Each structure stands twice: as C-alpha cells, then as structure tokens.
Amino acid sequence: MAIRKSNTSPQTAAALKQILKRCSSFGKKNGFDHHQDLPYDVPKGHFAVYVGENRSRYIVPLSWLDHPEFQNLLQRAEEEYGFKHDMGITIPCEEVVFRSLAAVIR
C-alpha cells in the first residue's frame, strides 16, 4: 500500500489534531464528557463539522482527512475562519455542495 503525502501544512495538521481531540468522542459515556462538556454522539473515529449558513452539523469519519477534496475544504476553512475557536470545524461551503462531496467520498 502506498502512502500519500498530505497537502496539509504542519501548522494546520497540529491545529486539526487539537480540534479533533475536542470534537471527537473517545470512550465517552452518558451524553457528555464532564471534563470538557463535549457531546457523546460522535462515535470513535469521527468528528463534527459545521456546514453552510445555518451551520448544520455533520459527523464525518477521520478517514476523510486523507481525501484531497476534503483537505481543500479544510484549507479554505482555515483561511476563512482559522482553527482557534471552541466549536468544531466550520466548513465554508453550501450544504448541497458538502452533501455532494460526501456522496463521492463515501
């Protein structure tokens, strides 16, 4: 199996890891992580993103981080919003575009 080099910069990768720790559910029980007030509805190996004007929440697998089109969205998110906020990753695109991309990635 060949290993692809990611287009993500080291700074972006570090910021994503921090966000994923906050947005992902790793062994949480009963609704929230009482230490960090995080929701438990995010399965292990997934993270939440917020998309569109209404900031609709989507749960996506970590494997999407390797997909070039999703990496492009993450770079746009970093440029537009930065990664220094308490909420999950906000993706700057319309929901219909995101759902179309999701259908291709799956």
Side-chain angles (χ1 to χ4, degrees):
M1 174 194 289
I3 298 175
R4 283 190 289 187
K5 184 176 179 182
S6 172
N7 294 332
T8 308
S9 72
Q11 295 86 0
T12 300
L16 281 172
K17 285 180 185 177
Q18 290 175 346
I19 290 169
L20 292 176
K21 282 182 185 178
R22 290 194 308 257
C23 301
S24 296
S25 171
F26 294 102
K28 298 174 195 160
K29 299 176 187 163
N30 302 326
F32 281 90
D33 179 333
H34 298 290
H35 299 291
Q36 296 181 10
D37 294 326
L38 296 176
Y40 290 105
D41 63 340
V42 180
K44 184 175 182 178
H46 293 73
F47 62 102
V49 296
Y50 298 86
V51 180
E53 278 186 33
N54 296 325
R55 302 289 191 257
S56 297
R57 185 171 183 248
Y58 291 87
I59 307 300
V60 299
L62 290 173
S63 62
W64 285 21
L65 293 172
D66 290 333
H67 199 278
E69 283 83 6
F70 192 74
Q71 287 180 6
N72 184 31
L73 285 178
L74 291 175
Q75 288 172 346
R76 288 180 46 208
E78 180 183 29
E79 290 167 6
E80 188 161 334
Y81 304 115
F83 288 140
K84 298 206 182 237
H85 49 82
D86 293 333
M87 198 170 131
I89 299 169
T90 301
I91 303 293
C93 74
E94 296 179 22
E95 281 187 74
V96 67
V97 173
F98 183 80
R99 286 193 300 264
S100 294
L101 176 65
V104 170
I105 292 175
R106 290 174 195 215

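Values in this document were obtained by computation on a predicted structure and should not be read as measured data. Values below: every heavy atom of this structure, side chains too, minus hydrogens, waters and symmetry copies.
- The minimum heavy-atom distance between Thr90 and Arg55, with the atom names listed, is CG2-NE, 3.4 Å.
- Closest of all the heavy-atom pairs between Ala48 and Ile59 is CB-CD1, 3.9 Å.
- Between Arg57 and Tyr50 the shortest heavy-atom distance is NE-OH, 3.3 Å.
- Under the 4.5 Å side-chain criterion, counting only non-hydrogen atoms from C-beta, Val97 is not in contact with Val51.
- Across all non-hydrogen atoms, the minimal contact from Arg76 to Pro92 is NH2-O, 2.6 Å.
- Other residues, nucleotides and ligands contribute over 12 non-hydrogen atoms within 6.0 Å of the CD atom of Glu80.
- For the pair His46 (side chain) and Lys44 (backbone), a donor-acceptor distance under 3.5 Å is present.
- Distance check, rounded to the nearest 0.5 Å: CG of Leu65 to NE2 of His67 gives 12.0 Å.
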List, one per line, each side-chain donor-acceptor pair under 3.5 Å for residues 98-106, sequence neighbours excluded.
residue: Arg99; atom: NH1; partner: Tyr58; partner atom: OH; Å: 3.2
residue: Arg99; atom: NH1; partner: Glu95; partner atom: OE1; Å: 3.4
residue: Ser100; atom: OG; partner: Val96; partner atom: O; Å: 3.0

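- Linking Ile, Leu, Val, Met, Phe, Trp and Tyr whenever their side-chain heavy atoms come within less than 4.5 Å puts Phe70 and Leu62 in one cluster.
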